[in-house]
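Just below is one structure, and these are the notes that go with it.
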Amino acid sequence: MKREELKTPCYIVMESALKKNLEILQGVRQRTGCKILLAQKAFSMYSCYPLLGKYLDGTAASGLYEARLGAEEMGKENHIFSAAYKEEDMEEILSYCGHIVFNSFSQLEKYGERAAKAGKSVGIRVNPECSTQEAHGIYDPCAPGSRLGVLAKEFPDRLPEWVEGIHFHTLCEQNADALAVTLKAVEEQFGSWLYGMKWINFGGGHHITREGYNIELLENCIRYVSDTYGVTVYLEPGEAVALDAGHLLTEVEDMLHGETIAILDSSAACHMPDVLEMPYRPPLRASGQEGEKAFAYTLAGPTCLAGDVIGIYSFDKPLAVGDRLTFEDMAIYTMVKNNTFNGMPLPSIVWEREDGECEQIRSFGYMDFKGRL
Ligand SMILES: *Cc1c(COP(=O)(O)O)cnc(C)c1O
């Protein structure tokens, strides 16, 4: 199939764009000896996992289901971090994961020895209390009162000898300068513990595949930490793996109010929730800011939520019912966050090969709505 033949709405993930990202990440691995995992919470399109697995070391999970998906579909290194594990999930988690990261000393005490005895590498997540982002408070694990990671002052005098790793995750869509600042704070507060560790995980939020990202500084940070402390460095980016690797194809269904508002068959609330949550304005192909091009429209979703508005965009030509629009950078934090509010259909998932041929991977129907209720 060609793009023009696809039914809307659908997510199209592009092999060529994904490979471009993967080659950049593989370069970092090869030049530094670090290991890079896919943070599945950003992108869990598992039909791509065999391809991703050729370039990456494995998967990172936020809970039991992602852990199982990583084990089933990629089958390489599989790490897990959760703010709290449930007793009833622990055996199964241990069967899928080689690295288990705890968020508190109480959880470490409860499960750590059992995990270590099962041959798992146990780590503790730390909070270096070093905020490097201001724009998105809800994405800042170092914000005051954060529940993510233990503080330096909470560390006991001695750690059990089976604790092998330190994990931090404090960044969001940031460059390597923010990592360098964070590493200073991590060293100051946790450096003495690092000498006894086997690994350190720098978390995600490294926008490595974005144009202008300072890869050299990232690599210097990795080399410095692994040389100084004798540890393996892990990164677990989500965004950077599938950045700019997907589109959301949508259609104009109606034009309202003197043709100033276009209703699409895609919803911000259901299909691009970060537009409302973050919030941000998603890039749209062949469009400009309000006032930049001759014809401007408010693009909005079909749900009953008054605020289901994607933004105001301008075009060279008037929009009309039946026109197709392509939202860009729609692979990450989209499919994994979709919902069926208002009984909205879920967009189908399409793989676009390097030769431009499209293959529908999944399509959804009424039962995907009904089955959860
Ligand atoms: C969200 C998250 C990631 C991935 O973050 P990106 O911003 O998508 O790179 C990695 N590790 C942890 C612990 C996370 O919570």
Side-chain angles (χ1 to χ4, degrees), residues 13 18 21-22 24-25 28 34-45 48 52 55-67 69-70 74 77-85 93 97 99-104 107 123-128 131-133 135-143 146-150 165-176 178-179 182 186 199-210 213 215 218 221-222 233-246 272-274 277-278 280 329-337:
V13 173
L18 202 54
N21 290 344
L22 290 167
I24 292 171
L25 297 174
V28 173
C34 80
K35 297 197 176 189
I36 302 186
L37 311 168
L38 164 71
Q40 295 179 91
K41 83 165 196 263
F43 182 71
S44 302
M45 184 177 160
C48 317
L52 269 49
Y55 295 84
L56 304 177
D57 295 281
T59 40
S62 334
L64 172 62
Y65 293 167
E66 284 184 0
L69 188 69
M74 198 178 301
E77 278 195 40
N78 202 14
H79 297 219
I80 187 168
F81 163 79
S82 173
Y85 298 99
I93 285 171
C97 296
H99 291 67
I100 320 277
V101 179
F102 294 97
N103 188 48
S104 68
Q107 286 251 311
I124 183 92
R125 175 164 173 175
V126 300
N127 175 357
S131 281
T132 52
Q133 41 174 325
H136 305 295
I138 72 164
Y139 298 120
D140 184 1
C142 293
S146 171
R147 71 188 189 293
L148 298 166
V150 297
I166 295 268
H167 179 291
F168 69 85
H169 167 74
T170 67
L171 307 181
C172 177
E173 301 188 337
Q174 281 167 284
N175 210 319
L179 173 65
T182 303
V186 169
W199 52 268
I200 180 168
N201 189 324
F202 290 181
H206 318 279
H207 241 189
I208 305 167
T209 51
R210 181 180 71 196
Y213 183 90
I215 291 186
L218 169 71
C221 287
I222 294 169
V233 172
Y234 284 93
L235 309 178
E236 46 181 26
E239 289 219 6
V241 174
L243 192 67
D244 281 321
M272 35 184 126
D274 277 349
E277 251 176 52
M278 204 162 186
Y280 84 108
D329 197 18
M330 282 288 159
I332 46 176
Y333 293 108
T334 51
M335 293 170 234
V336 289
K337 294 186 98 175

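In each ligand, atom 1 is the first atom listed, and ligand 1 is the first ligand listed. Each residue takes its place number in the sequence, starting with 1.
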Contacts of D57 that satisfy salt bridge (Lys or Arg N to Asp or Glu O under 4.0 Å) - sequence neighbours left out: R29
Using the test salt bridge (Lys or Arg N to Asp or Glu O under 4.0 Å), find all partners of E173 that sit at least two apart in sequence or belong to another chain. none
With a 6.0 Å cut-off on the ring centroids, do F168 and F202 count as close? yes
Could you label the plane-to-plane angle of the H79 and H99 rings as parallel, tilted or perpendicular, counting under 30° as parallel and over 60° as perpendicular? parallel
Contact residues of ligand 1 (heavy atom under 4.0 Å), by chain and number: A39, K41, A42, R125, H167, H169, G204, G205, E236, P237, G238, E239, Y333
Please name all residues satisfying ring-ring contact (aromatic ring centres under 6.0 Å, His included) with Y85, sequence neighbours left out, ordered by chain then number. F102
Positive for side-chain contact (heavy atoms from CB on, under 4.5 Å) with N21, one of L243, V241, I208, L52: L243
